[in-house]
Amino acid sequence: MKNDMTDLIDDLKWRGLISQTTDEKELREALKKPITLYLGTDPTAPSIHVGNLVVLLVLRRFQLAGHHTLPLIGGATGLVGDPSGKNDERTLNTTEVVEQWVNRMTKQLSKFMDFETKQNPAKMVNNLDWTAPMSAIEFLRDIGKHFSVNQMLNKDSVSTRLEKDGISYTEFSYQVLQSMDYLELYRSYNCTLQIGGSDQWGNITAGLDLIRRAEGGSAHALTVPLLTKADGSKFGKTAGGAVWIDPEMTSPYAFFQYWLNSDDKDVIKFIKVFSFKSRAEIEALEKTHNENPGAREAHRELARELTALVHSPEIAVRVEAAARALFGQGDINELDEATLASALAELPRTQVKSGEEIPTWVDLLAATGVVDSKSAARRIVKEGGAYLNNEKIEGEDFRLEKLHFLCGKYAVLRKGKRDLAAVELI
RNA sequence: GGCGGGUUGCCCGAGCGGCCAAUGGGAGGGGACUGUAAAUCCCCCGGCUCUGCCUUCGAAGGUUCAAAUCCUUCACCCGCCA
């Protein structure tokens, strides 16, 4: 584990990972020695996605720099709902659902932190542990008394909502719950820094106020800017929705492709944010990229590193090989069975039994899931966007034959330029 | 509690008895150009056993030859008044 805690802030700044901090001088001073910090993530979905990853990797950077990290799961706050950055009140999820998500996220978060290291192992905490046992009376007397409603109303997350459709008491209380977390961790772990997305500034500073009032203590805050894309669209979203960490929800292949297809104008920014490469390495990549963006060296490195981190180095190698093998360059018929099989392993697929009649072209496309319906499949075929083994097929009723199965086993379907699927003959 | 306004396809938002699977924009998809990029241009964008049929316009009933459009009830949202 490298130990460069003196220039951590500089590094984060260079990577564009700092939006706001409390007094920077003091923070830098504090960071000269190992401190304890936390990052909270609420279970609002069955998986974390690449958007959550931005801050999570900042937490990892802190750990790598020798600090003590407390990844926090919002088992309690997830039941209440954070109004920050939301235009509308959220419908509450059932406790069972949230509990399930907590379990899944706990597992996922563990991937990015080191719990084994001797010097500064990460410690997972769940705010339900100290929130659930508290009574309403305790809450109002011990915590509520430190909060001024006037100040609470002034928080961005609340005031925007007051101007719109209003806010429930439940979500209004969110900032108090999050503040309790910071106070609790300050007390039991001497946690003196909370990090989060820039939309969390209000919630985090509410916690600082609470620590000051309840304990007379002082602590720090650091927020990470919202990651934006050059074309103005939302980072981390595709047609199919968010890019998830869970391989069941976003296949490792699709995950790799997401990064590989990054806009040229974004790729260096993304590398700074997500990669653990050194500044020198990144600057070298930037140079390569500017000289020949078409080669997409930077894209490839980004995709490789993240897929390896989120899934595994083995999977990263496999999906990249799949892309290379299947993407037109070179004759797909030349591939040997082993390469083909591993290339297709991460793709959506359908099977057809030998001996039985093979479905028509349109039915087959629909069966693999590269298109949503048969109508969509027909449309794609009509528009000339359906390919079999890299050859355009324009007949809706076309049927595959034995000879179309590469190595006697696999057929590669493609919709458009980059949507691949496999048909396996069994 | 009273009065008024609203709920339309992924999102925003027209339509206000037949010409409505429903204008327009955005998002999304295919093609051309390229580099599995961006920009641009063309096309598409509910489903199906596809010259037709089926299901959609908050929910359930009703009026009518015919309803997203009219009536009734219910649910939710937003205003104003109490």
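Every chain is numbered from 1 and lettered A, B, ... according to where its sequence line falls, protein lines coming before strand lines.
Screening residues 404-426 of chain A for ring-ring contact (aromatic ring centres under 6.0 Å, His included) gives A:F398-A:H404 as the qualifying pairs, with residues at least two apart or on separate chains. Sorted by first and then second residue, the side-chain hydrogen bond (donor to acceptor under 3.5 Å, both in side chains) pairs with a member in residues 265-275 of chain A read A:T228-A:K269, A:S275-A:E305; sequence neighbours excluded. Evaluation of the salt bridge (Lys or Arg N to Asp or Glu O under 4.0 Å) test over residues 38-60 of chain A, restricted to residues two or more places apart or in two chains, returns none.
Contact annotation: A:Y387 does not reach the phosphate of B:U36 (side-chain N/O to OP1 or OP2, under 4.0 Å). The side chain of A:R300 places no N or O atom within less than 4.0 Å of a non-bridging phosphate oxygen (OP1 or OP2) of B:U36.
Spacing between atom CD of A:E291 and atom P of B:G35 amounts to 18 Å, rounded to whole angstrom units. We find that CG of A:N390 is positioned 12 Å from C1' of B:U36, with the value rounded to whole Å. For A:K265 and B:A37, the NZ to P distance is 13 Å, given to the nearest whole Å. The nearest whole Å value for the distance from the CD1 atom in A:I380 to the P atom in B:G28 is 15 Å. Separating the OH atom of A:Y258 from the C1' atom of B:G28 is a distance of 15 Å, rounded to the nearest angstrom. Here the P atom of nucleotide B:A37 and the CD1 atom of A:I271 are 18 Å apart, to the nearest Å. To the nearest angstrom, C1' of B:G35 lies 11 Å from NE2 of A:H289. One interatomic measurement links the two molecules: CG of A:D264 to C1' of B:U36, which rounds to 12 Å at whole-angstrom precision.
Nucleotides B:A59 and B:G13 have their C1' atoms positioned 23 Å apart, rounded to a whole Å. B:U73 and B:C78 have their P atoms separated by 22 Å, with the value rounded to a whole Å. As rounded to the nearest Å, B:U23 and B:C57 have P atoms that lie 16 Å from one another. Between the C1' atoms of B:C45 and B:C11, the separation comes to 14 Å (whole Å). Across the C1' atoms, B:U55 and B:G47 are found 7 Å apart, a figure rounded to whole Å. The P atoms of B:C76 and B:A67 are separated by 29 Å, rounded to the nearest whole Å. Rounded to whole Å, the separation between the P atoms of B:C71 and B:U7 comes to 14 Å. Nucleotides B:C10 and B:G17 have their C1' atoms positioned 29 Å apart, rounded to a whole Å.
Candidate nucleotides B:G30, B:C33, B:A38 were compared by shortest atom distance to the side chain of A:K417, and B:C33 ranks first.
Looking at residues two or more places apart in sequence or on another chain, you find no salt bridge (charged side-chain N to carboxylate O under 4.0 Å, His left out) involving A:K229. For the salt bridge (charged side-chain N to carboxylate O under 4.0 Å, His left out) test, no residue two or more places apart in sequence or in another chain qualifies with A:K107. Every ring-ring contact (aromatic ring centres under 6.0 Å, His included) that A:Y38 has, sequence neighbours left out, goes to A:Y182. A search for salt bridge (charged side-chain N to carboxylate O under 4.0 Å, His left out) contacts involving A:K13 returns A:E24, not counting sequence neighbours.
In this structure, a donor-acceptor pair under 3.5 Å is present between the side chains of A:H299 and A:D264. When only modelled atom types and interatomic distance are considered, A:N203 and A:S84 share a side-chain donor-acceptor pair under 3.5 Å. Side-chain polar atoms of A:Q194 and A:Q200 form no donor-acceptor pair below 3.5 angstrom.
Judged by distance alone with a 3.5 Å cut-off, no donor-acceptor contact links the side chain of A:D419 to the base of B:G29.
Looking at A:K111 and A:L309, their side chains never come closer than 4.5 Å, going by heavy atoms from C-beta outward.
Backbone-only engagement by A:G385 is indicated by non-hydrogen atom pairs under 4.0 Å involving sugar-phosphate atoms exclusively.
Residues A:F256 and A:K415 each lie close to RNA chain B; by heavy-atom proximity, the contact nearer the 5' end of the strand is made by A:K415.
Stem analysis of RNA chain B (Watson-Crick or G-U pairs, both distances under 3.5 Å, runs of at least three) returns B:1-7 with B:75-81, B:10-12 with B:24-26, B:28-32 with B:40-44, B:46-48 with B:52-54, B:58-62 with B:70-74.
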For this session: Going 5' to 3' through nucleotides 42-49 of chain B, assign each nucleotide B (protein heavy atom under 4.0 Å from a base atom), S (under 4.0 Å only from sugar-phosphate atoms) or - (no protein heavy atom that close).
Result: --SS-SBS
